[in-house]
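Below: the structure, in structure tokens.
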Amino acid sequence: MTIRVATWNVNSVRQRIDLLLTWLRECQPDIVCLQEIKCVDEAFPRLEIEALGYNVVTHGQKTFNGVALLSKLKFDETKSGLAGDDEDVHARFLEGVVTLKRGVLRIACLYLPNGNPVGTDKYPYKLKWMSRLLEYSKERLQTEEPLILAGDFNVIPHARDVHNPAAWTEDALFKTETRESFQSLLGLGLADALRAVTDEPGLYTFWDYQAGAWQKNHGLRIDHLLLSPQASDRLANVGIDSYVRGWEKPSDHVPVWADLDLEAA
DNA sequence: ATGACTACTCCCAGTAGA
């Protein structure tokens with residue numbers, strides 16, 4: 001038995017619903033984290049997705065941001081919002097817990113702030129959000145349960161994760177402070193699922209719409225699944241569905257998934 | 001390269017994304 005957990009920044013779920021349904025049928029993920037749904041909860045196309053056998057929970061927002069969790073396993077609990085800043089109204093975080101044959105699996109779906117342009121209040125907001133995520137992770141890791149942080153991190157972890165690293169050194173996605181903060185998440189014992197299976201450079205999850213970035217393979221790896229030791233121990237396979245970027249009217253991000261040897265209840 | 005695309009919005013020029 002394996003459980004497939006996926007993440008995909010769809011860049012508007014209403015624009016992408018047909019592609020999403022096609023991909024769900026092809027990939028057959030058990031749990032999916034969606035980002036940038038760009039709609040309020042009432043406008044989310046839940047019926048079509050429920051028809052494929054998913055339980056759906058959304059944390060939406062008008063126009064921007066918005067995250068959703070889809071799961072073939074029933075949610076025991078869900079919670080929206082990341083602790084640590086009562087002033088933050090962005091819909092960027094949604095946590096769900098499902099029951100397994102042995103214990104539970106906790107999934108945090110996140111859309112980490114972009115942070116550009118650096119020099120505006122957007123970058124400190126990003127760094128603060130990352131430190132809030134670090135605190136959340138510290139707390140959750142104490143339970144010693146399988147935990148997955150999945151989403152659009154807006155972080156390029158390493159030079160091998162971007163086509164032209166020299167052009168990105170001052171960008172909020174690649175700045176030293178950003179990468180150090182991401183590293184401190186890994187320092188807690190979280191494993192970058194893709195890097196647990198390969199060191200290969202040039203594996204991307206995002207290609208800009210502009211300047212033929214997809215055709216030239218000028219991409220970024222910014223969508224990640226971070227696994228607690230209890231999840232990492234069960235890791236069987238990881239994939240990037242980059243072919244989805246070649247579809248008609250695609251998102252600029254593609255799905256990333258991980259298979260874990262865990263049994264559903 | 002002040003560029004390029006795409007999607008959003010009190011409907012359409014301005015904002016945001018990465």
Under 3.5 Å, which donor-acceptor pairs link side chains of residues 44-52 of chain A to any protein atom two or more places apart or in another chain?
from: Arg46(A); atom 1: NH1; to: Glu50(A); atom 2: OE2; distance (Å): 3.1
from: Arg46(A); atom 1: NH1; to: Val56(A); atom 2: O; distance (Å): 3.3

For nucleotides 10-13 of chain B, give me every protein contact, N/O to N/O, under 3.5 Å, one pair per line with atom names.
from: dC10(B); atom 1: OP2; to: Lys62(A); atom 2: NZ; distance (Å): 3.3

What protein N or O atoms touch nucleotides 14-17 of chain B N or O atoms at under 3.5 angstrom, if any, and at what distances?
from: dG17(B); atom 1: OP2; to: Lys122(A); atom 2: NZ; distance (Å): 3.0

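Between the side chains of Tyr125(A) and Thr120(A), no donor N or O sits under 3.5 Å from an acceptor N or O. For the 3.5 Å distance criterion, the side chains of Lys126(A) and Asn114(A) fail to qualify, holding no donor opposite an acceptor.
With respect to Asp161(A) and Arg179(A), no salt bridge is recorded, no charged nitrogen being found less than 4.0 Å from a carboxylate O.
Applying the salt bridge (Lys or Arg N to Asp or Glu O under 4.0 Å) rule to pairs touching residues 1-28 of chain A yields Arg4(A)-Asp259(A), sequence neighbours excluded.
The backbone N or O of Asn9(A) lies less than 3.5 Å from a partner atom in the side chain of Ser251(A), making a donor-acceptor pair. Without hydrogens or angle criteria, Tyr136(A) side chain to Gly84(A) main chain gives no donor-acceptor distance under 3.5 Å. Using a distance-only test at 3.5 Å, with no hydrogens or angles considered, no donor-acceptor pair links the side chain of Asp252(A) to the main chain of Tyr209(A).
Contact annotation: Thr63(A) does not reach the phosphate of dA7(B) (side-chain N/O to OP1 or OP2, under 4.0 Å). Of the side-chain N and O atoms in Arg14(A), none sit less than 4.0 angstrom from OP1 or OP2 of dA7(B).
Here Leu220(A) sits in one hydrophobic cluster together with Ile156(A), Val162(A), Trp168(A), Leu173(A), Phe174(A), Phe206(A), Ile222(A); the rule is ILVMFWY side chains under 4.5 Å apart, joined directly or through other members.
Mapped onto DNA chain B by nearest heavy atom, Pro117(A) and Ala211(A) fall at different nucleotides, with Ala211(A) at the one closer to the 5' end.
Annotation: proximity of residues 166-180 of chain A to DNA chain B (heavy atom, distance under 4.0 Å) is found for Leu173(A), numbered in ascending order.
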